[in-house]
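This is a predicted model, so every value here is computed, not measured.
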Amino acid sequence: MRGALTRFRSRLAGLLPTLRLRLVVVFALVALAAAVSASGIAYWLNRDAVLTRAQDAALKDFRKAMEDHVGQLPRQYDCAQLRDAAGRMANSTQGYEVVLLGEDRNGSACRAASAPGFFTSSDVPESLRSAVDRRREVDDANRFPYHLYWQRVVREEDPYLVGGAKLIGRQPSPSGYMLKSLAAERDDLSSLAWSLGIATALALIGAMLLAQAAATTVLRPVRRLGDAARRLGEGKLDTRLKVSGTDELAQLSRTFNATAASLEKRVAELSAREASSRRFVADMSHELRTPLTAISAVTEVLEEEQDNLDPMIAPAVGLVVSETRRLADLVENLMEVTRFDAGTARLVLDDVDVADMVTACIDARAWLDAVELDADRGITARLDPRRLDVILANLIGNALKHGGSPVRVSVRVRPGAAPSGDDALVIAVTDHGPGIPEDVLPHVFDRFYKASASRPRSEGSGLGLSIAMENAHIHGGTIRARNGETPDEGAVFTLLLPRDASELAEPEGDAAAGRRPRGRHPDRGRDGGRDADGEGHGDAPWDDDAGRENEA
């Protein structure tokens with residue numbers, strides 16, 4: 001039962017999608033039901049009254065005419081006298097036709113009709129004739145042996161009243177029948193029905209107009225509340241509603257204002273804490289750079305003299321050198337993340353050959369023997385070379401460290417796939433390792449995320465992939481992570497960038513003002529598949545229907 005009610009509500013919501021339409025329909029249905037009920041009751045009451053009045057008047061006049069004209073006939077009468085009586089009875093103001101049935105002085109049956117061609121004894125229903133001729137016992141409850149009976153019939157689609165009575169007296173006495181047309185009453189009732197129908201239609205129109213006015217009155221504050229909620233959702237936390245009245249909508253507006261004020265206060269506190277945390281990280285990173293520079297210089301000297309040191313001391317020196325370099329990388333990464341969080345990072349664009357960029361990145365880090373490059377020469381793009389190098393270094397280095405060599409890097413161009421309608425650059429990095437666990441995939445771009453809690457410390461800072469994602473975003477692109485579909489493929493990272501990021505770069509003044517570049521931050525997600533050449537697929541490089549990556 002509950003499921004059927006839920007389906008009905010869903011279907012009703014589909015047919016009546018707006019609250020205004022629902023109010024109008026409800027008002028119209030209520031008004032229609034009330035008007036139809038009132039009109040129906042009025043029609044049937046008037047119909048009964050009109051028909052009862054018409055038939056009572058005709059039957060009363062017929063009874064009196066029987067007494068006045070048939071009752072005055074001599075005991076021995078002939079058919080001519082009976083016809084004369086029928087004619088006199090038909091001259092009544094009620095306008096009915098009469099048929100008289102009796103026996104003349106010779107005992108022969110006599111039938112007299114006022115309109116022989118229209119109403120005869122054969123037109124009288126047999127059931128009515130039987131009721132008229134039936135004699136009843138006379139007692140305290142029944143004072144007369146014969147009674148007046150009537151019946152409504154339809155002849156040629158016109159309504160008629162047929163009545164009959166038997167003259168009380170010496171038997172056999174004559175019987176009389178009347179036929180009265182009810183066409184005038186039918187026409188009057190038809191006019192009444194049309195009038196009630198018009199009144200119902202006017203009531204329905206009036207109800208719909210009233211419903212429209214009521215809906216406007218009710219929905220105006222609801223619309224203002226919706227607009228205010230939309231502005232609040234867009235980040236305009238100072239949005240407030242003007243409140244007047246004491247009804248439920250006014251109370252709802254007061255609740256909205258109180259909620260908005262509380263939210264604004266809370267967001268202001270969180271923003272202040274976040275800004276304080278960013279300043280702390282930035283200040284700490286800057287403060288660490290100076291001693292780290294001195295320590296790095298000392299560790300370089302120690303590293304050069306490591307072969308001449310005491311064998312007992314050399315391992316400790318090696319550990320100090322490696323940890324110092326790791327600390328320096330961490331500080332540099334923290335400063336880079338701070339610039340992204342503060343919105344001061346900006347693009348310095350240049351026209352680059354993508355294949356040359358990948359080759360230079362691999363060569364600078366001595367990865368030529370472990371990386372296979374599948375890229376056509378002459379694929380150019382207008383990007384920030386330094387940031388592209390950071391992205392490639394992190395993706396390829398991550399593949400070499402956690403996957404298996406050789407690492408394959410493919411570069412392709414997808415025509416018209418960028419948000420602006422331009423060509424998109426697709427760079428896929430594929431390793432031959434075991435892949436990424438499914439529960440880890442959504443978190444690979446999180447800052448400081450560790451796939452295993454038992455290995456909280458690693459050689460990297462835990463920020464490389466997060467910084468790579470931020471550098472992709474500032475170009476208006478994204479990075480997807482997935483596992484390969486064939487046994488010789490491990491993890492696949494796909495970089496998606498527009499070939500021309502000119503529209504996303506800010507003027508120097510904007511960057512100096514600390515505003516974030518106007519890059520399109522696409523929905524983050526991991527790639528749901530790949531084409532034969534290892535590229536991610538979808539309607540566009542930014543479409544993702546297989547999963548997501550958590551934003552750093």
Side-chain angles (χ1 to χ4, degrees), residues 46-105 107-136 138 142-190:
N46 280 275
R47 178 181 181 275
D48 186 66
V50 168
L51 293 177
T52 300
R53 184 170 60 249
Q55 71 185 22
D56 287 350
L59 294 173
K60 182 179 180 181
D61 187 83
F62 174 70
R63 183 196 298 273
K64 187 175 184 303
M66 284 282 292
E67 294 174 355
D68 292 344
H69 298 290
V70 180
Q72 298 302 322
L73 291 175
R75 183 170 300 176
Q76 299 294 328
Y77 59 86
D78 55 23
C79 288
Q81 292 175 316
L82 196 63
R83 283 193 295 270
D84 184 62
R88 291 195 304 271
M89 290 177 64
N91 288 329
S92 170
T93 57
Q94 290 297 321
Y96 49 73
E97 302 297 337
V98 177
V99 170
L100 296 178
L101 305 177
E103 294 181 1
D104 60 9
R105 60 175 56 93
S108 299
C110 184
R111 293 178 174 83
S114 61
F118 181 70
F119 180 52
T120 63
S121 60
S122 62
D123 295 322
V124 178
E126 186 63 30
S127 59
L128 182 62
R129 293 181 62 175
S130 299
V132 170
D133 293 337
R134 186 171 63 250
R135 178 182 177 84
R136 297 175 178 271
V138 178
N142 182 38
R143 297 172 56 191
F144 304 101
Y146 298 101
H147 294 272
L148 174 66
Y149 295 93
W150 60 270
Q151 184 176 346
R152 294 176 191 156
V153 298
V154 177
R155 294 180 58 184
E156 298 179 355
E157 299 182 357
D158 290 331
Y160 288 89
L161 174 68
V162 181
K166 192 175 185 64
L167 193 65
I168 300 175
R170 184 177 179 180
Q171 298 299 320
S173 60
S175 300
Y177 298 93
M178 58 156 285
L179 178 70
K180 175 178 174 56
S181 173
L182 298 177
E185 287 73 15
R186 178 197 60 188
D187 295 339
D188 291 342
L189 291 174
S190 297

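- Atom-to-atom distance recorded for S181:OG and R186:CZ is 7.5 Å, nearest 0.5 angstrom.
- Residues A113 and V99 share a closest heavy-atom pair of CB-CG2, 4.0 Å.
- Residues R129 and L101 form a side-chain contact, since some pair of their non-hydrogen atoms from C-beta on lies under 4.5 Å apart.
- For the atom pair CZ of R63 and CG of L148, the computed distance is 4.5 Å after rounding to the nearest 0.5 Å.
- Judged purely by atom type and a 3.5 angstrom limit, T120 has no side-chain atom pairing as donor or acceptor with the backbone of P116.
- Side chain of S114 to main chain of V98: a donor-acceptor pair is present (N/O by atom type, distance under 3.5 Å, no hydrogens or angles).
- No side-chain heavy atom of Q76 sits less than 4.5 Å from a side-chain heavy atom of D104.
- Put simply, CG on L189 and CG on N46 are 7.5 Å apart, with the number rounded to the nearest 0.5 Å.
- With a 4.5 Å cut-off on side-chain heavy atoms, V162 and P125 count as touching.
- With contacts defined as side-chain heavy-atom distances shorter than 4.5 Å, the pair E185/L182 qualifies.
- When side chains are defined from C-beta on, H147 counts as touching N142, because their heavy atoms get closer than 4.5 Å.
- Taking all atoms of both residues into account, the shortest heavy-atom contact from D133 to S175 is OD1-OG, 3.6 Å.
- When all heavy atoms are compared, the tightest approach of M89 to L100 is SD-CD2, 4.1 Å.
- Taking each heavy atom of A165 and V132 in turn, the nearest pair found is C-CG1, 3.7 Å.
- Pairing each heavy atom of L128 with each of Q151, the nearest pair is CB-OE1, 3.9 Å.
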For a quick test of your reading: what N or O donor-acceptor pairs under 3.5 Å do the side chains of residues 65-73 make, sequence neighbours left out?
from: D68; atom 1: OD2; to: K64; atom 2: NZ; distance (Å): 2.7
from: H69; atom 1: ND1; to: R88; atom 2: NE; distance (Å): 3.2

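- Under the 4.5 Å side-chain criterion, counting only non-hydrogen atoms from C-beta, Y146 is in contact with R135.
- Take R53 and apply the side chain to side chain donor-acceptor pair (under 3.5 Å) test, not counting sequence neighbours, and it matches no residue.
- Between P174 and Y77, some side-chain heavy-atom pair lies under the 4.5 Å cut-off.
- Distance CG/D61 to CE/M178: 8.5 Å, rounded to 0.5 Å.
- Of all heavy-atom pairs spanning R155 and F118, the tightest one is NH2-O, 3.0 Å.
- In this structure, OH in Y149 is found 13.0 Å from CG in L59, a value given to the nearest 0.5 Å.
- With values rounded to the nearest 0.5 angstrom, L179 atom CG is found 6.5 Å from Y160 atom OH.
- Counting only heavy atoms from C-beta outward, the side chains of Q55 and W150 approach each other to under 4.5 Å.
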